[in-house]
Amino acid sequence: MTTKISFRDVVKTYPMREGTFTALDHVSLDIADQEFVTVVGPSGCGKSTLMSMAAGLVEPSSGEVLVDGDPVSGPGPDRGVIFQQYALFPWLSVRKNVEFGLKLADIPGAERRRRAERAIELVGLSDFADALPKTLSGGMKQRCAIARAYAVNPKVLLMDEPFGALDALTRVQLQDQLLHTWSQEQRTVMFITHDVDEAVYLARRVIVMAARPGRVQQIIDVDLPYPRTEEIRLSPEFGRIRNEVWHSVYHQAPAA
Amino acid sequence: MTAISAPQRKAAGRAEGRRPRRSIALNLVAVVIGLAVWTLLASVGVQGMPGPAEVAARAGELIADGTLALDALASLRRVLLGFLLGTLLAVPVGFLMGWYATARGLLEPYVQFFRTIPPLAIIPLAIVLMGIGEVPKVFVIFLASFLSSVVATFQGVVDVDKTLINAARVLGASDRTIFLKVVVPASTPFILVGMRVGLGSAWGTLVAAELIAAQEGLGFRMQQAQLYYDLSTIFVGLIAIGVLGLLMDRLLLLAERRLTDWQERR
Ligand SMILES: Nc1ncnc2c1ncn2[C@@H]1O[C@H](COP(=O)(O)OP(=O)(O)OP(=O)(O)O)[C@@H](O)[C@H]1O
Ligand SMILES: [Mg+2]
């Protein structure tokens with residue numbers, strides 16, 4: 001399998017009043033083409049930072065990040081990003097937000113509307129297509145941000161806790177939807193979450209990170225077949241992997 | 001999921017926007033009390049002070065012979081001209097300062113320095129350099145509105161949420177697109193607030209400028225009246241200035257509400 005995203009010995013430091021703060025300490029990680037990985041770890045361990053590097057929004061202090069074998073030189077529509085903070089344009093309606101990227105890609109009017117419509121329907125916001133973000137709940141804003149990223153159909157999806165603000169039911173629905181579209185369109189997905197269940201349910205591999213300094217603690221393979229079903233979610237094997245991830249996240253040995 | 005339906009939300013929005021009757025009633029009561037106090041003060045004979053009736057009569061005369069309209073128009077023309085020129089220049093300059101560090105470094109010292117000088121203090125200089133015609137007055141108003149709008153615009157651009165810029169960048173937006181489609185709309189609320197402040201200070205500056213040197217205008221009329229101890233005319237002038245200032249402010253407020261309806265207000 002070819003490698004889609006490659007982090008090579010990536011270090012990220014921020015200057016502090018005294019010395020420097022190491023947000024990421026020599027992280028190396030390969031994500032295969034069409035692979036679905038999830039990233040879990042304690043708050044502040046550098047998950048968002050790592051993802052922003054793949055997005056081309058943050059440059060590594062040393063080391064390199066490659067996408068399709070080429071060093072990342074900036075953001076681009078080939079990599080869709082869903083931000084932890086929604087980042088909707090508040091002056092645009094849900095529909096206009098979703099069409100924003102399609103307009104930039106010069107997609108003609110009728111096709112643009114059709115694709116926006118489909119993405120909005122996918123996240124269940126059809127009744128609110130003409131609403132402004134200020135009238136949406138947190139979960140609805142998040143779904144709008146998801147639709148905006150889906151609409152441009154990127155080869156890579158970088159998702160930063162995209163389901164964090166959702167209720168349990170919607171969350172499960174969107175997980176299944178995400179897996180469904182992923183299996184059809186064969187994208188590479190890097191998905192950050194705080195939820196161990198979610199991490200295991202979605203991924204082929206779970207990347208567990210540790211903090212201070214941010215680094216990869218352990219990579220846990222999820223040897224469960226796709227499509228993932230409720231049956232799998234409730235199986236003993238799922239429970240076993242879930243426990244393993246749980247331990248890796250919550251019983252981390254302090255840094256040497 | 002969310003139970004609230006679209007029409008319900010609209011209804012809630014309308015009720016929120018309407019001012020409660022109670023508060024309008026209270027405003028009216030305040031006006032009536034104010035007029036009563038004024039009448040009382042005038043009748044107990046505070047130093048030749050005219051009562052509301054006298055002032056209303058004088059206002060009637062000034063309206064009838066066209067003086068009030070002429071003066072008001074002269075004042076408004078100066079303000080609007082200076083304000084428009086000032087704002088038209090301030091917005092691009094503010095954007096430049098917010099977007100390019102070089103422009104900021106070069107312009108900020110001047111903007112910050114001139115901002116600390118009250119525009120009125122420029123009047124003597126303006127009169128010496130530009131004579132006593134229309135130019136110095138319009139110039140001072142121009143300066144007042146330019147300075148407040150430029151700072152607001154610049155602050156608005158600097159304060160644009162970085163995540164929004166990043167969201168546009170990852171969707172493939174060029175710098176130009178980011179500027180036009182993200183920075184401009186995101187800073188509109190700041191610009192409009194700056195314009196309101198600018199208009200307020202322009203109006204205040206104008207009347208003062210007319211007190212010093214003019215052949216017509218509300219300030220000039222009051223200055224003339226002062227020479228003849230004509231307090232009624234002074235009152236008419238004051239009220240006209242207040243009413244016009246309030247009207248212009250409300251108009252801009254309305255525009256602001258319209259254009260920035262998308263903002264979350266807490
Ligand atoms: N611009 C910055 N300047 C200084 N420190 C930063 C900056 N950005 C991030 N950091 C630090 O880097 C560390 C990692 O941040 P990051 O946002 O990647 O964490 P995270 O794993 O996504 O956390 P969370 O789960 O809370 O979202 C944090 O300790 C943060 O304080
Ligand atoms: Mg984060």
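Every chain is numbered from 1 and lettered A, B, ... according to where its sequence line falls, protein lines coming before strand lines.
Aromatic ring centres of B/Phe154 and B/Phe95 lie farther apart than the 6.0 Å criterion allows. Remark: aromatic rings of A/Phe191 and A/Phe163 are close, center separation under 6.0 Å.
Among A/Ala87, A/Ala55, A/Gly139, A/Gly80, the residue making the largest number of heavy-atom pairs under 4.5 Å with chain B is A/Ala87. No other option in A/Pro90, A/Pro77, A/Gly101 has as many heavy-atom pairs under 4.5 Å with chain B as A/Pro90. Annotation: maximal heavy-atom pairing with chain B below 4.5 Å, among A/Arg79, A/Gln85, A/Arg148, occurs at A/Arg148. The greatest number of non-hydrogen atom pairs below 4.5 Å with chain A, out of B/Asp161, B/Asp261, B/Thr260, B/Thr188, is found for B/Asp261.
Interface residue A/Leu88: only backbone heavy atoms are found under 4.5 Å from chain B. Looking at B/Thr177, the atoms closer than 4.5 Å to chain A (heavy atoms on both sides) all sit in the side chain, from C-beta outward.
Between A/Ser93 and A/Asp130, the side chains place no donor N or O within less than 3.5 Å of an acceptor N or O (distance only, hydrogens not considered).
Judged by the 6.0 Å distance and 45° axis criteria, A/Lys12 is positioned over the aromatic ring of A/Tyr14.
With contacts defined as side-chain heavy-atom distances shorter than 4.5 Å, the pair A/Met159/A/Met190 does not qualify.
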